[in-house]
**Q** 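One structure is given below, represented as structure tokens, and several questions about it will come after.
These numbers come from the heavy atoms of this one structure, side chains and all, not from hydrogens, waters or symmetry mates.
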Amino acid sequence: ISAEKQEYQKVARLEDQEYFIASHTQRRRWLHAQLDEDNNAYDISYAYRFSPDFDLVSFTKAVDLLYHRHESLRTRFIEIDGRVCQKIEELETERHKLNIIPCTSGEDTEVIVREQLNQLSNWKFDLAGDSLSSFRLVYLPSGEFLFLLNMDHGITDGISMNKVSFELMEAYKAFGENREPKLLQLPVQYRDFTVWQERYLKDQKGEAAYNYWKTVFSKTPQVLDLPVKSGQRPLPKTYHGAVHQMYYDSMSKLEIERN
């Protein structure tokens with residue numbers, strides 16, 4: 001068995017500049033927005049409900065730390081000479097902080113929660129005008145707190161959201177215990193990787209990788225034969241759907257896992 005030696009190129013930290021080229025994923029996200037600007041399917045949202053003994057001061061400091069630590073949270077997209085680029089905003093006192101929303105004490109808590117979750121699910125960022133992240137905290141009449149985290153897919157994905165959530169809660173816990181958060185150092189930011197990737201794809205290795213995948217996908221069918229009756233599938237793509245729940249006993253579960 002022979003193993004080919006792999007060479008790895010270190011991603012270098014770049015000097016700050018006015019803007020950076022967008023990654024291929026970000027360019028695709030920008031294109032989606034131009035084709036269907038009212039579509040919010042690419043927003044990723046989390047919601048957490050905290051008890052009345054929630055430490056607002058420590059949580060606010062934790063959000064401030066994340067904005068300072070991750071440039072992606074302060075990133076928006078701009079178009080320069082027909083090319084999509086990342087614009088990283090400087091830290092702003094009002095724009096890059098926890099947005100606190102008060103509620104009237106006489107209001108129904110559960111109604112407010114449903115309204116806020118509905119707003120969260122319908123949230124849509126302006127890719128060129130907004131920083132593509134939002135941290136909001138709602139004071140509930142019950143004394144509880146509802147935290148709403150929303151980020152555009154142009155700066156995050158599922159794994160990254162879990163990472164942000166972990167760092168947020170670690171920082172919250174640390175500040176409440178009057179210690180420094182136990183977080184790894186970040187030698188590079190996403191903009192550094194983007195420039196590295198752009199250079200890599202333009203050299204011979206990148207061309208070889210492109211040709212490899214082009215060959216692989218040339219063997220796939222051009223049109224998927226889906227079991228959908230003619231006339232039932234609408235021409236415009238939508239994200240309408242429903243949830244169907246099924247329950248299995250333990251023996252059925254084991255049988256499914258074996259197969």
Side-chain angles (χ1 to χ4, degrees), residues 23-51 54 72-73 99 101 103 107-127 130 132-169 172 213 216-217 219-259:
S23 69
H24 290 265
T25 300
Q26 291 174 329
R27 294 175 216 175
R28 184 172 66 247
R29 173 68 188 100
W30 177 265
L31 178 61
H32 288 156
Q34 308 312 303
L35 296 175
D36 187 3
E37 61 182 13
D38 294 326
N39 189 348
N40 69 338
Y42 295 95
D43 291 351
I44 305 178
S45 306
Y46 285 1
Y48 301 89
R49 192 164 175 172
F50 297 121
S51 61
F54 173 76
S72 292
L73 299 179
N99 183 14
I101 304 171
C103 292
E107 296 181 85
D108 187 292
T109 294
E110 299 309 317
V111 171
I112 293 174
V113 169
R114 287 194 295 270
E115 290 176 348
Q116 290 294 330
L117 293 179
N118 183 61
Q119 290 181 24
L120 185 67
S121 64
N122 289 287
W123 190 279
K124 188 176 75 67
F125 288 101
D126 176 359
L127 300 188
D130 294 336
L132 304 181
S133 64
S134 171
F135 293 74
R136 292 181 293 157
L137 186 70
V138 183
Y139 274 113
L140 297 175
S142 61
E144 299 170 295
F145 297 84
L146 182 65
F147 172 58
L148 307 170
L149 170 61
N150 196 14
M151 297 171 66
D152 188 88
H153 199 16
I155 62 167
T156 192
D157 54 22
I159 294 176
S160 301
M161 289 291 283
N162 291 337
K163 183 66 174 176
V164 167
S165 298
F166 168 80
E167 291 192 359
L168 178 64
M169 298 315 298
Y172 170 64
W213 286 110
V216 170
F217 287 119
K219 303 174 184 178
T220 60
Q222 297 299 310
V223 179
L224 295 178
D225 185 16
L226 299 176
V228 179
K229 293 182 180 180
S230 177
Q232 290 189 350
R233 186 175 183 178
L235 292 178
K237 180 180 179 180
T238 71
Y239 293 86
H240 300 159
V243 175
H244 180 69
Q245 295 181 342
M246 299 181 66
Y247 299 91
Y248 300 93
D249 57 38
S250 58
M251 294 303 296
S252 298
K253 179 177 180 293
L254 290 174
E255 186 68 23
I256 292 172
E257 290 175 346
R258 280 197 296 266
N259 296 328

**Q** Side chains of E144 and V113: does their closest heavy-atom pair fall under 4.5 Å?
**A** no
**Q** Mind checking the CD-CD spacing from E115 to E110? Nearest 0.5 Å is all I need.
**A** 11.5 Å
**Q** I'd like to check R136 versus W123 (side-chain heavy atoms, cut-off strictly below 4.5 Å). Are they in contact?
**A** yes
**Q** Closest heavy-atom contact between N122 and N118?
**A** ND2-O, 2.7 Å
**Q** Hey, what do you get for CZ (F135) to CE (M151), rounding to the nearest 0.5 Å?
**A** 6.0 Å
**Q** Between I155 and S72, which heavy-atom pair has the shortest distance, and what is it?
**A** CD1-O, 3.3 Å
**Q** Looking only at non-hydrogen atoms, find the nearest pair between K253 and Y248 and report the distance.
**A** N-CB, 4.5 Å
**Q** Nearest heavy-atom pair of F125 and D152: which atoms, and what distance?
**A** CE1-N, 3.6 Å
**Q** List the atom of S121, the atom of N40, and the distance in Å for their closest heavy-atom pair.
**A** O-ND2, 2.8 Å
**Q** Please say which of F145, F50, F54 ends up in a ring pair (Phe, Tyr, Trp, His ring centres under 6.0 Å) with Y139.
**A** F145
**Q** Give a yes or no answer on whether the side chain of S142 reaches the backbone of T109 with a donor-acceptor pair at less than 3.5 Å.
**A** no
**Q** Check whether any side-chain heavy atom of V164 sits under 4.5 Å from a side-chain heavy atom of Y46, and report yes or no.
**A** no
**Q** Which value, rounded to the nearest 0.5 Å, describes the distance between T156 atom OG1 and K163 atom NZ?
**A** 12.5 Å
**Q** What distance separates S252 OG from M246 CE, expressed to the nearest 0.5 Å?
**A** 10.0 Å
**Q** How long is the straight-line distance from OG of S133 back to CE of M161, given to the nearest 0.5 Å?
**A** 9.5 Å
**Q** Taking the side chain as C-beta and beyond, is there a heavy-atom pair between R28 and H24 under 4.5 Å?
**A** no
**Q** Any chance CG of L35 has more than 12 other-residue heavy atoms, nucleotides or ligands included, within less than 6.0 Å?
**A** yes
**Q** Would you say the side-chain atoms of S160 and D157 include a donor-acceptor pair closer than 3.5 Å?
**A** yes
**Q** Let me see the working for H32 and H153 under side-chain contact (heavy atoms from CB on, under 4.5 Å), right down to the final yes or no.
**A** CA-CA 11 Å; H32 288 156; H153 199 16; over 6 Å; no
**Q** Picking from L137, I101, L120, N99, what satisfies side-chain contact (heavy atoms from CB on, under 4.5 Å) with L148?
**A** L120
**Q** One thing to verify: whether R114 and E107 come together as a salt bridge, which I'm taking to mean a side-chain N less than 4.0 angstrom from a carboxylate O.
**A** no
**Q** To the nearest 0.5 Å, tell me how far D43 CG sits from N150 CG.
**A** 5.0 Å
